[in-house]
Protein chains: 2
Amino acid sequence: MTTEYSGTGDPKRSMELLWGGPERPRRGPKPRLTVAQIARAAIEIADAEGLTGLSMRRVADQLGVTAMSLYTYVPGKAELLDLMLDTVYGEEPEPTTAGARATDRRTTAGETAAEETRATEAGAGGRASGGKVTGAEDWRTRLERLARQNYARYRRHPWLLQVATSRPVLGPNLMARWNQELAAVDGLGLTEIEMDLVVTLLGDYVHGAARAAVEADQAEQRTGMTDEQWWYAYAPLLEQVFDVARFPVAARVGEVAGAEYRAATDPARSFEFGLPRVLDGIEAFLRTRPATEEAARDAAESPS
Amino acid sequence: MTTEYSGTGDPKRSMELLWGGPERPRRGPKPRLTVAQIARAAIEIADAEGLTGLSMRRVADQLGVTAMSLYTYVPGKAELLDLMLDTVYGEEPEPTTAGARATDRRTTAGETAAEETRATEAGAGGRASGGKVTGAEDWRTRLERLARQNYARYRRHPWLLQVATSRPVLGPNLMARWNQELAAVDGLGLTEIEMDLVVTLLGDYVHGAARAAVEADQAEQRTGMTDEQWWYAYAPLLEQVFDVARFPVAARVGEVAGAEYRAATDPARSFEFGLPRVLDGIEAFLRTRPATEEAARDAAESPS
DNA sequence: CATAACTCTGTACATCGTACGCGGTTAATC
DNA sequence: GATTAACCGCGTACGATGTACAGAGTTATG
């Protein structure tokens, strides 16, 4: 069992499916299903049971048909994954103007809505470097909201973490999302390449942090033990071999962290700590660039 | 196909295997194999063909035995993965004193050695914020070296990215590594929890960045096309549906990035850009903390 | 009405991890 | 030195997986 790939199937077929081939030739019997239905069913299964639990037979069962029947709608499992991918990227509310809030409208995973909205309140406050930077709040709030949306999406659909998106089949929703993320750092005086680099940096971090959180969730679900219970069972094994003299710092940190978290780690806290740091790093980078957001906007708006 | 888990098997058995059950004199015929041999064979296969290509039969073939024979050494595939994990974390040179260089000694993946060593030269130079911070070079150089080592390890053993390590079976090498990473941020005036948070932040980012790089490698290997070839084949499909008015920023960035990279992205460049940003973010955080590295050291060394 | 186009099903194959039982090999015991 | 308990390695078997292929049933078009 390994990573599943996007774009493994025939890109042409996937693109047709994604962008809606308006072909409705009508000779045979009425189709009992739609591709969207199939994709949603597959997503539900993958959400609940992971990508290992996702099989053509399983999806077919859920829809009341046989496995082979799905192949009339979708060339294969790889293309189905392309569809699933673009579908979940369509779950975010449309990016409205200025103060758009990324709230509810479908929240399948519980606390995720809270996580997403927190961006607005937290915003640019309490940042380490402290110095006020002109226009900083804007891009920072935008990036933070996007980061939290991505984090929440990963938690809603953990299988996303295992879908390789190196050469994704760019469906409409994936495309819109990419545009939106780049737009968040547009007008800051960055070159196009730098815009891409900043967005990629944040995306990479969020992916890593979300992975840790999802793994913790799944570890509990898989073993039926909380972190605390697990640690209680595991500690004696470790003590038999652990040499404090050999691993002094780990011993110290492990003890404190164990007492504080009642677990080895706390992924949510890690993310709340890490996200501002990454944004600080981006901020430091922006300070080295010539133009501020306002300057760039002024320059663009003035009828030269 | 999905993520494979560490710690799925019986932790007790895994721990025994990892920390060396000292049982020697046995009754039956001489074992033809050792667990270390099996682990190395499995690693080689996973390196070459990914976790999907790794099967008990495949490992057995490589070693000239049958699949079932492996089960006399290892309880199952899950425990084998625990072994593989700890084994690859033993590939780094021992952390020597001060100026230890993380060089060669096994470099299976080509340019990775260069990537690892670059830390020393790059070090703390050319950082964005510019301001000199007392003792900053030290922790920063250490963290950068560790980050590059981790990045290189992921590239050497891409399957590592798919091994969930939420509740890892802590073998000696994993343990030593964790200790080493924490030691890199020890004495900076951070609390134990903060030390853990900083190390986790960097680890999460490196994981995300490495994943992107590995995916790009694998996309090329899988499809037999370079990014450029792929893009050349894919672009016409995209142009049929792409609406510049709907995705203006993506259009602009995509065009420039395509021209510059000859590809959609350049993961190596992303990492070289992102790593200093993350370190800057950590640096900004350290500046908010009371004690500097020297102050902490002095306080510890003075025979109060 | 005949037919071409289409949907859906059943069967089949190779590959996976591993449970189970058997037979051969060895070292400890008498 | 013979016996035997402990152990190694093998062969077979089972229920999964994605999907190729052939055929049966359904419908709009000529």
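In what follows, every heavy atom counts, from backbone to side chain, and hydrogens, waters and symmetry copies are set aside.
Residue A:Y71 places no side-chain N or O under 4.0 Å from the OP1 or OP2 atom of C:dT7. When the side-chain nitrogen and oxygen atoms of A:T66 are compared with OP1 and OP2 of C:dC8, none of them lie within a distance under 4.0 Å. Taking 4.0 angstrom as the limit, B:T72 places none of its side-chain polar atoms (N or O) nearer than this to OP1 or OP2 of D:dC8. The phosphate of D:dC8 has neither OP1 nor OP2 within less than 4.0 Å of any side-chain N or O from B:Y73. Contact annotation: B:K30 side-chain N/O to C:dA27 OP1/OP2 distance is under 4.0 Å.
Among the nucleotides C:dA5, D:dT19, C:dC16, the one closest to the side chain of A:M56 is D:dT19. Minimum atom distance to the side chain of A:M68 is reached by D:dT19, of the listed C:dT25, D:dT19, C:dC6. Closest to the side chain of A:P31, from the set C:dC20, C:dT7, C:dT25, is C:dT7. The A:A67 side chain lies nearest to D:dT19 when the options are D:dT19, D:dC8, C:dT18.
Separating the CG atom of B:L80 from the C1' atom of C:dC16 is a distance of 15 Å, rounded to the nearest angstrom. Atom pair B:I45:CD1 and C:dG17:C1' shows a separation of 15 Å (rounding to whole Å applied). The distance from atom CG of A:L51 to atom C1' of D:dG18 is 14 Å, rounded to the nearest whole Å. Distance CZ (A:R27) to C1' (C:dA2): 11 Å, rounded to an integer number of Å. A straight line from CG of B:L70 to C1' of D:dC10 spans 12 Å, rounded to a whole angstrom. Counting to the nearest Å, the P atom of D:dT19 and the CZ atom of A:R58 are 18 Å from each other. Following rounding to the nearest Å, B:D61 (CG) and C:dG17 (C1') show an atom-to-atom distance of 15 Å.
Under 4.0 Å is where a charged nitrogen must lie from a carboxylate oxygen, and between B:R58 and B:E49 at least one such pair does. Looking at A:E92 and A:R156, a side-chain N of the basic residue comes within less than 4.0 Å of a carboxylate O on the acidic one, giving a salt bridge.
For the pair B:R153 and B:Y89, the cation sits on the ring face: its NZ or CZ lies under 6.0 Å from the ring centre, inside 45° of the axis.
Classified by interplanar angle (parallel below 30°, tilted 30° to 60°, perpendicular above 60°), the ring pair A:Y234/A:W230 is parallel.
Checking B:R57 against B:R32, the closest nucleotide of DNA chain D that is more toward the 5' end is the one next to B:R32.
B:E181 and B:N150 are linked by a side-chain donor-acceptor pair at a separation below 3.5 angstrom, with hydrogens and angles left out of the test.
Nucleic acid contact for A:L63: none, since no nucleic acid atom lies under 4.0 Å from a heavy atom of the residue. Across all strands, A:S69 comes closer than 4.0 Å to base atoms (heavy-atom distances).
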